[in-house]
Student: 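Before I ask anything, let me first share the structure, which is written out below as structure tokens.
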Amino acid sequence: MSTNHKLIIGSSVNMPEIPDESVHLVVTSPPYFNAPFDYKGLYSSYQNYLEMLKQVAREAYRVLANGRIFVLNIDDMLVDGEKFPIVADATRIFLDAGFRYRDRIIWKKPEGYLRISRRSGVLLQNPYPMYFYPDNLLESIIIFQKGRFDYKSIPQDVREASKINIKEFQENKWYMTLWEMVNVLPNSALEKDIAAFPEELPYRCIQLFSYVGETVLDPFCGSGTTMKVARQLGRNSIGIEINEALIPIITTKVGFGNQHGLFNGEDTFECLIRQEEK
């Protein structure tokens, strides 16, 4: 079965290219709010950032088919000494957009990923109460659902073709609300200066919440990780990315560059650049 993949260069606050209820799963990670390591000063205010999430949530609700899932990888952010409750605020935004709250999974990064930082190290210099500030090895994967899913709507042959590997499910403990996954290493070839999540995250979500031949959307496409994994798993994909400079990276990662033999040769790729947003 061939699959189709579309990259849209523009903002995901509007998705006019995507018809109502034509997407079967959304897997994404929005930009961190003004993170000093990736997006310092990108948003003029925290309220501006939340307004962007509100618009994306409304559009995602429109394009997502009834009963389907939105997987949001997001985390609270410390900016200039102030901690912003992004997980709580984003949850309320998606509920207000009409989604149901289904689950929350915690992604735990390897403990060796962090050493004692300037933040947590304050206590070493001042070993007294009120000087404790922990370093974070966790991120949230919040799962929302639009309405209720009709399990009988999927043909038996599609169900069988999409069957989940129970051995992998059990051995890697997908059944838990704590997923231990290795994060993308800094300055990896196709993720340099991009806050990309690991392929394992969409790999699990796409298998758990979509069927072969369906369409997966990532409205904050980044380097194209979700699109790549969707293609590998026999799903169609749509990626929306505001940074036009990432086109070559996404094209390469999704397998439409110079690679041959890695994917189905009949798969198609289209890149649309919104003229009004140039």
Side-chain angles (χ1 to χ4, degrees), residues 1-5 22-29 60 64-75 91 94 99-113 137-185 196-218 224-239 253-255 261-264 266-267:
M1 178 185 295
S2 62
T3 56
N4 306 307
H5 306 273
S22 61
V23 169
H24 304 94
L25 171 65
V26 181
V27 181
T28 196
S29 183
L64 199 59
N66 191 54
R68 296 314 187 107
I69 297 293
F70 190 118
V71 178
L72 182 70
N73 170 220
I74 204 165
D75 195 33
T91 300
F94 276 78
F99 287 96
R100 294 170 51 234
Y101 180 84
R102 174 156 167 162
D103 269 304
R104 180 184 179 188
I105 293 170
I106 300 300
W107 164 22
K108 180 179 180 293
K109 302 172 185 178
E111 291 184 17
Y113 175 62
L137 281 173
L138 308 175
E139 291 196 25
S140 294
I141 301 170
I142 315 174
I143 301 171
F144 300 100
Q145 187 167 15
K146 177 181 176 178
R148 306 278 179 177
F149 181 63
D150 179 5
Y151 292 90
K152 296 180 180 179
S153 65
I154 307 299
Q156 186 59 32
D157 60 331
V158 176
R159 286 168 58 88
E160 291 302 317
S162 310
K163 203 166 185 178
I164 295 164
N165 186 323
I166 295 301
K167 182 180 179 182
E168 184 177 29
F169 175 85
Q170 293 176 323
E171 287 183 350
N172 293 327
K173 301 179 180 179
W174 294 10
Y175 52 84
M176 295 175 62
T177 56
L178 179 68
W179 285 359
E180 298 190 46
M181 300 181 293
V182 178
N183 51 299
V184 175
L185 296 176
F197 51 40
E199 292 183 11
E200 182 69 15
L201 195 158
Y203 176 79
R204 295 185 185 192
C205 295
I206 289 170
Q207 291 190 78
L208 291 171
F209 298 119
S210 74
Y211 288 87
V212 167
E214 293 187 335
T215 298
V216 180
L217 166 67
D218 187 343
T225 302
T226 299
M227 296 182 72
K228 173 187 177 180
V229 178
R231 186 182 183 192
Q232 289 176 330
L233 295 174
R235 277 71 166 174
N236 306 300
S237 74
I238 302 172
K253 177 178 269 193
V254 183
L262 299 178
F263 298 95
N264 184 340
E266 296 182 358
D267 294 346

Student: Can you list every pair that meets salt bridge (charged side-chain N to carboxylate O under 4.0 Å, His left out) and has a residue in residues 139-151, with sequence neighbours left out?
Tutor: Glu21-Lys146, Lys109-Glu139

Student: Sort and list the pairs that fulfil side-chain hydrogen bond (donor to acceptor under 3.5 Å, both in side chains) and have at least one residue in residues 206-218, not counting sequence neighbours.
Tutor: Thr28-Asp218, Arg68-Glu214, Tyr203-Gln207, Ser210-Arg235, Asp218-Thr226

Student: Take Ile141 and Leu201, measure what side-chain contact (heavy atoms from CB on, under 4.5 Å) needs, and give me the verdict at the end.
Tutor: CA-CA 9 Å; Ile141 301 170; Leu201 195 158; 3.8 Å; yes

Student: Quick check: Phe99 with Tyr101 (ring centres under 6.0 Å apart)?
Tutor: no

Student: Using the side chain to side chain contact (heavy atoms under 4.5 Å, CB included) criterion, which residues pair with Leu138? Sequence neighbours excluded.
Tutor: Ile106, Lys108, Asn136

Student: What pairs with Phe144 under ring pair (Phe, Tyr, Trp, His ring centres under 6.0 Å), at least two apart in sequence or on another chain?
Tutor: Phe94

Student: Is it the case that the side chains of Asp75 and Ser140 hold a donor-acceptor pair, with the cut-off being a distance below 3.5 Å and no angle test?
Tutor: no

Student: My understanding is that only residues two or more places apart in sequence, or in another chain, count here; which of them pass side chain to side chain contact (heavy atoms under 4.5 Å, CB included) with Tyr175?
Tutor: Phe169, Lys173

Student: According to side chain to side chain contact (heavy atoms under 4.5 Å, CB included), who are the partners of Asp103, at least two apart in sequence or on a separate chain?
Tutor: Ile143

Student: Please list, one pair per line, the donor and acceptor atoms closer than 3.5 Å that link side chains of residues 156-163 to other protein atoms, with sequence neighbours excluded.
Tutor:
| unit_1 | atom_1 | unit_2 | atom_2 | d |
| --- | --- | --- | --- | --- |
| Gln156 | NE2 | Glu160 | OE2 | 2.9 |
| Ser162 | OG | Val158 | O | 2.8 |
| Ser162 | OG | Val212 | N | 2.8 |

Student: Using side-chain hydrogen bond (donor to acceptor under 3.5 Å, both in side chains) as the criterion, list what pairs up with Gln145, not counting sequence neighbours.
Tutor: Arg100, Arg102

Student: Not counting sequence neighbours, which residues clear side-chain hydrogen bond (donor to acceptor under 3.5 Å, both in side chains) with Glu180? List them please.
Tutor: none

